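Since the structure comes first, as structure tokens, the remarks are kept for the end.
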Amino acid sequence: MDLAMKQEDLAFRDEVRAFLDTHLTEELKARARLTPGILSDHSLRVEWLAIVNARGWAAPSWPKQYGGTGWDVMKRFIYASECATAGVPISSNMGLSMVGPTLMGHGSEAQKAWYLPRILNGEDWWCQGYSEPGSGSDLASLQTRAISDGDDYIVNGSKLWTTGAHFANRMFCLVRTDPSARKQEGISFILIDMESPGITVEPIITLAGDHEVNQVFFDNVRVPKANLVGAENNGWTVAKYLLEFERGGSAHGANLRSALNRLRSIASEERAGDGGKLITDPAFRRKVDEADIDVTAVESTEHRIMSALSSGQNPGAASSIIKTRGTEMNQRLTELGIEAVAYYVVPHVLEARIWGSNVSPAGPDHALMAVPKYLNTRASSIYGGSNEVQRNIMAKAVLEL
Ligand SMILES: Cc1cc2nc3c(=O)[nH]c(=O)nc-3n(C[C@H](O)[C@H](O)[C@H](O)COP(=O)(O)OP(=O)(O)OC[C@H]3O[C@@H](n4cnc5c(N)ncnc54)[C@H](O)[C@@H]3O)c2cc1C
């Protein structure tokens, strides 16, 4: 594996840095810092998408013919790493990262022509309707039913933990179209207009007081059959294809490194029990240095995946290692964040996290997000395939158990 960047990669990195220096204003960065988890405030995401779209960089992983950048995996990795280091708003745009590539692979020409430009322009924001009450890890047991009725399906059931359903105007959704078939075989992948009559979105407010996830109810919702992606009852194949696009182009290492640097800077301001700076306290220092070693291991694993992808290989179980170690490290860093700000974790001033609010945080500014980040990060070992399930994959693929 060659870890050194080529001259053209270094030049590209400088181009990205110059773009971010110009367009990522201090205000945008400050607003982005108020993000507890994987989603910045929606208005901020809309604003940032417009900025990168104007530069032609909205869709780093899309081919040029569909309005993407056409970048190779190394360029995508550099771009994601530079964005993470600079602190861009966290977009987690499921249109760009999930449904767009899926439509390119399985959608009709009409679906591609209609939906893809709307994703780039920010006209459509998508949410993922996979999980249901009782169907998460065992997704194939899902029960939301779609019954054929002329040119439409009539959909009934419920989706749970649907991130961003409250601002999304579209959902890509797995529904059961044939209850008599084996469970993976009776599922279809459909696109639902969230404005359709019969849809109710109920908020789920998380421990930190945030509204990111929802439960969505379908009560006789009419969905045109033109919105079926792939063949009827072949949705499992489409769903698996979509999951492939969660690989590559992300930058867990750079995100963790930024969080670690921030932790160091907070610990340089906070005091230890002996009155000195916390960063010089041997016990705390040791935890930070151990975390540094583990972050370096995540970075190296990520480079290994990049190297495999660049030479056309499949990263295999390495993406499960990154998911598991990346989320565990993120949780550990937020725990150290709590330890660093000590007593200031007690007052939790939600209003101070609203951009432009005249409510001041209790304690220093850097203490404001310690608890929300800590609480929000607990979910990261559950979503995107729980870490226990990732360990099963590693046990099978790496240890051949
Ligand atoms: C913040 C958040 C956002 C989410 N966003 C979305 C979204 O936008 N769209 C969407 O469709 N879903 C979303 N999800 C749902 C997520 O994908 C599921 O929560 C996840 O797949 C786990 O499913 P479950 O909650 O049903 O738990 P279960 O599958 O019931 O698991 C319960 C526990 O059992 C363990 N377990 C389950 N099966 C096994 C096994 N075979 N071996 C070992 N242990 C096992 C799990 O690890 C877990 O600890 C989100 C979840 C969260 C928390």
Side-chain angles (χ1 to χ4, degrees), residues 35-40 42 45 90-99 102 124-144 155 157-176 183-184 187-192 194 199 201-218 229 235-236 238-243 245-246 317 319-320 323-328 330-331 334 372-397 399 401:
T35 307
I38 56 163
L39 275 187
S40 291
H42 189 55
R45 299 162 77 214
I90 305 177
S91 177
S92 198
N93 185 323
M94 296 183 197
L96 286 170
S97 63
M98 296 185 184
V99 79
T102 304
D124 282 349
W125 289 84
W126 289 81
C127 60
Q128 178 181 34
Y130 278 20
S131 305
E132 297 181 4
S135 301
S137 305
D138 180 19
L139 186 59
S141 67
L142 64 90
Q143 297 294 328
T144 294
V155 178
S158 172
K159 294 290 172 181
L160 189 58
W161 306 119
T162 321
T163 303
H166 50 303
F167 52 70
N169 59 332
R170 313 254 173 215
M171 173 191 278
F172 55 96
C173 190
L174 291 178
V175 290
R176 189 158 298 282
K183 55 183 189 176
Q184 278 89 348
I187 292 172
S188 298
F189 187 107
I190 58 171
L191 310 175
I192 299 182
M194 292 294 281
I199 296 184
V201 178
E202 293 284 349
I204 299 173
I205 305 301
T206 56
L207 275 175
D210 292 302
H211 181 192
E212 288 187 341
V213 287
N214 305 273
Q215 181 160 7
V216 181
F217 297 90
F218 303 94
V229 179
W236 196 248
V238 182
K240 279 195 299 184
Y241 183 83
L242 180 145
L243 291 177
F245 292 94
E246 289 185 290
S319 30
S320 294
K323 200 275 165 173
T324 309
R325 293 298 290 154
T327 50
E328 285 172 356
N330 205 8
Q331 290 178 339
T334 60
K373 275 183 189 287
Y374 167 80
L375 293 173
N376 193 292
T377 311
R378 298 308 99 188
S380 65
S381 46
I382 301 171
Y383 58 67
S386 78
N387 284 11
E388 288 78 12
V389 169
Q390 302 301 328
R391 285 195 165 85
N392 286 349
I393 295 170
M394 290 185 267
K396 212 166 158 188
L399 305 175
L401 293 175

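This one's a predicted model, so the numbers in the text were calculated from it and none came from an experiment. Atoms within each ligand, like the ligands themselves, are counted from 1 in listed order.
Protein neighbours of ligand 1 below 4.0 Å, counting non-hydrogen atoms: Met94, Gln128, Tyr130, Ser131, Gly136, Ser137, Trp161, Thr162, Thr163, Val213, Ala379, Ile382, Tyr383, Ser386, Glu388, Asn392.
Side chains of Ser40 and Thr35: a donor-acceptor N/O pair is present below 3.5 angstrom, by distance only. There is no side-chain donor-acceptor pair under 3.5 Å between Gln143 and Ser135. A donor atom on one side chain and an acceptor atom on the other are found under 3.5 Å apart for Gln331 and Ser381.
Sorted by first and then second residue, the salt bridge (Lys or Arg N to Asp or Glu O under 4.0 Å) pairs involving residues 382-392 (not counting sequence neighbours) are Glu328-Arg391.
A cation-pi arrangement is not found for Arg170 relative to Phe172, the charged atom failing to lie both closer than 6.0 Å to the ring centre and inside a 45° cone about the ring normal.
Using cut-offs of 30° and 60° for the angle between ring planes, the His42 and Phe167 rings count as parallel.
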